[in-house]
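Report on the following structure.
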Amino acid sequence: MAISGQFYDGMTSARHAVEIKLTESGMIAIKGAEFTRNYRVTDVADAQRLGGRVRILRFRDNASLETDAVEAIDSYLDQHSIGRTHAALHKLERSLKYVAMAAVFTVAIAWLFLTWGVPAIAKVAAFSLPVETQDSLGEGTLEVFDQYFMEPSQLDEARRQSIRIRFTDLIEGLEEQSRYRLEFRDSEDLGANAFALPSGTIVVTDDLVELAEDPHEIDAVLAHEIGHVHYRHSLRGALQSSATAVLLALMSGDIASMSSFASALPTLILTLSYTRDFEREADDYARQLMQQKGIPLHHFANMLRRLSESHGVDDTETGFLDSHPAPGERIQSFL
Amino acid sequence: MEPNLAAMREHRIEFTGTGKEYFGIWIVNILLTILTLGVYSAWAKVRNRKYFYNNTWLDGSPFDYLASPVAILKGWLIAAAVFIVYTLTADFAPAISLIILAFIILVTPWVVVRAMRFNLINTAYRNVRFSFRKNYQDSNKVFLGWMFVSMLTLGMAFPYYYYRQKKFALDNASFSQDCFSLDAIGREFYLLFFKALGVTVLFFIVLFGSFFGIGFGVGLSDIGSDTIGATAGVITNILVYLFIIFMVAYFNVRVNNLIWNNVSLGQHRFRSVMRVWPMFIIYFTNLLAIVFTLGLMIPWAKVRTARYRLHHTSMLTAHNLDAYVTERMQEQNALGDQLGEAFDIEIGL
């Protein structure tokens, strides 16, 4: 079979238009205007197959042959078993069936790893980090929050003291009891809120204290936050979202800056789903702790209802993008 | 000697890759990389790049990428080892990690030269490889000297440092007997950076001006709590994102044009006529497509971006391209290449 192509001798950039004869016995005869060259098919040093536009055969003497007779070259090399690995790869890459399977498989592996693997690894990592490291992580955060959106608490001292006493009762007998600290802050931006830092510091806002109609309701919130500290959620969350971002960037290849910008969205969605799992875990912890301390569980439900009202959340609505499980679902689990 | 532009032949660069074809290569690369726990990534890199090079045509001939995946993998492993040792010592022995950091900074010029050389030596056109001079002296000057000057002047010298990087990358590159050379001067880079800065300042003045205009219109106290305030916030966010995309397009297009309109290869010249708005539209639609398909449109986005760039670049040849002679081929190691990549020094022609 005769096909046409371009020949380069590997010495100069001169392009020679040639006729190529591929014989059954494994000879590649190249005939140019002023020369002929004969190669054996075993002289082919490199014959990668990529796409359907052109094939470049590189011979052991550094000469190369370039042709758009892609199918003829591919089937000829197949006959003589040259470049089998590349042939297999090429077959995978252009078969719609295999590509679709690869896409589904890749997405499935990625999904499994991101939803199970990453949280499991982050958990092990968070629990093997020394407590001192975690303490130092929290300090900076509180300073930043204080600077930007929190003011000193306006509550009177007696009230704060009574909550502190309840807090001490609550953490009495817990593991790592000395880590827990309670702070009061006033914040217009946060509204009625409470959060826990990796160091074990739990911050409660004035609005939250005002919102509670029964002191046990504050206990419920504190128990939930103690749960976050106990399970090291903030550190795990930070580890998980950075690991996710790195993994997504690695998987999508050497993507340009614009597309890594785009991988921020899947990262965000996954991060929010991780947070929902943390909230459930902290709720379960709160339930146990309240039972242990003899605090009726309906206080948690009441407080949650009040909180979702104060933040204007419909308690049946749950979105893919919510960082907390639907309030209705959480309230139910305490009734 | 100024070449006579009128006597030159213009060859437009053609790009023949398609999103569909590249998707197959890309997804198989990812799958095999996952299944081999990352080992395949070196092969993936070669296949990726080879696909783009084989589909880039100049005067009827495609480019080719000839790097050995094993060489890349070795370099990648060494880079990973250095990085792991550095992160581990950062926690347990800060003094040692500082020494490693100093070492990394000091070898940067060497790594850069190696990375550029590896890439060019493994790039071929008409079976003749490109090359890159081992100019460590200039590399030290640029990647240590000018980098520190840029830092010490709080970025005032950054445009010049940036220009020297580009000039270094081109002035040491060659194709057979002809050397590349960048004739643009630092002043033109400063002008470009100042324009970009000016546009940015203007954008934020107009944005905040109109924002406060709305604010006073409805009463300042309503902002933030009221729906008008919330809507204004959302619109501001969208405008800022669009502006960031615009600036990336602006910068990429202008820098690219500035460089390629001032590059020569022996007697040959180049021309780059990319425009900011089409590039902005491409980036913006790429972003939407990638976000809404959770990344599956990345191959399509890469292909169409490459197509736009390459179709707007051409080579002006003073004589035909047949007379280049191959230089003696040297063995290369991929160490510099992969260190360059691991620490994200973006270099290229």
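Quick note on labels: first sequence line is chain A, next is B, and so on, each numbered from 1.
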Run the salt-bridge test on B:Glu21 and A:Arg53 with the 4.0 Å N-O cut-off and return the result as yes or no.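 Looking at B:Glu21 and A:Arg53, the cut-off is not met.
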Can you tell me which portion of [X] sits under 4.5 Å from chain A's heavy atoms? Options are side chain, backbone, both or neither.
X        : value
B:Asp64  : side chain
B:Ser61  : both
B:Leu288 : neither

Assess whether atom [atom1] of [X] is packed by more than 12 heavy atoms of other residues, nucleotides or ligands within 6.0 Å.
X        : atom1 : answer
A:Glu151 : CD    : no
A:Tyr98  : OH    : no
B:Phe15  : CZ    : yes
A:Leu112 : CG    : yes

[atom1] of [X] to [atom2] of [Y]: how many Å apart, nearest 0.5 Å?
X        : Y        : atom1 : atom2 : result
A:Asp68  : B:Thr16  : CG    : OG1   : 11.0 Å
A:Leu89  : B:Leu32  : CG    : CG    : 6.5 Å
B:Ile25  : A:His90  : CD1   : NE2   : 8.0 Å
B:Leu296 : A:Thr106 : CG    : OG1   : 9.0 Å

Using atom types as modelled and distance alone, determine if a side-chain donor or acceptor of B:Asn127 lies under 3.5 Å from a backbone N or O of A:Asn62.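 Judged by distance alone, yes, a pair lies under 3.5 Å.
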Apply side chain to side chain contact (heavy atoms under 4.5 Å, CB included) to residues A:Leu50 and B:Asn55 and explain how you reach the verdict. CA-CA 10 Å; A:Leu50 274 161; B:Asn55 281 295; over 6 Å; no
Heavy-atom pair of closest approach, residues [X] and [Y]:
X       : Y        : value
A:Gly51 : B:Tyr51  : CA-CE1, 4.0 Å
A:Gln48 : B:Arg47  : OE1-NH1, 3.9 Å
A:Glu66 : B:Gly60  : OE2-O, 4.1 Å
A:Ser13 : B:Arg126 : O-CD, 3.2 Å

Winner by heavy-atom pair count (cut-off under 4.5 Å) against chain A, out of B:Tyr324, B:Phe23, B:Trp43: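 Result: the option with the highest number of such pairs is B:Tyr324.
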Taking C-beta and beyond as the side chain, do A:Arg58 and B:Leu66 meet within less than 4.5 Å on heavy atoms?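 Yes, at least one pair of side-chain atoms sits under 4.5 Å.
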Report yes if the side chains of B:Ile34 and A:Phe113 come closer than 4.5 Å at any heavy-atom pair, otherwise no.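 The answer is no, as the side chains (C-beta and beyond) never meet within the 4.5 Å cut-off.
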So for [X], is it side chain, backbone, both, or neither that comes closer than 4.5 Å to the heavy atoms of chain B?
X       : result
A:Arg55 : neither
A:Arg15 : both
A:Leu92 : both

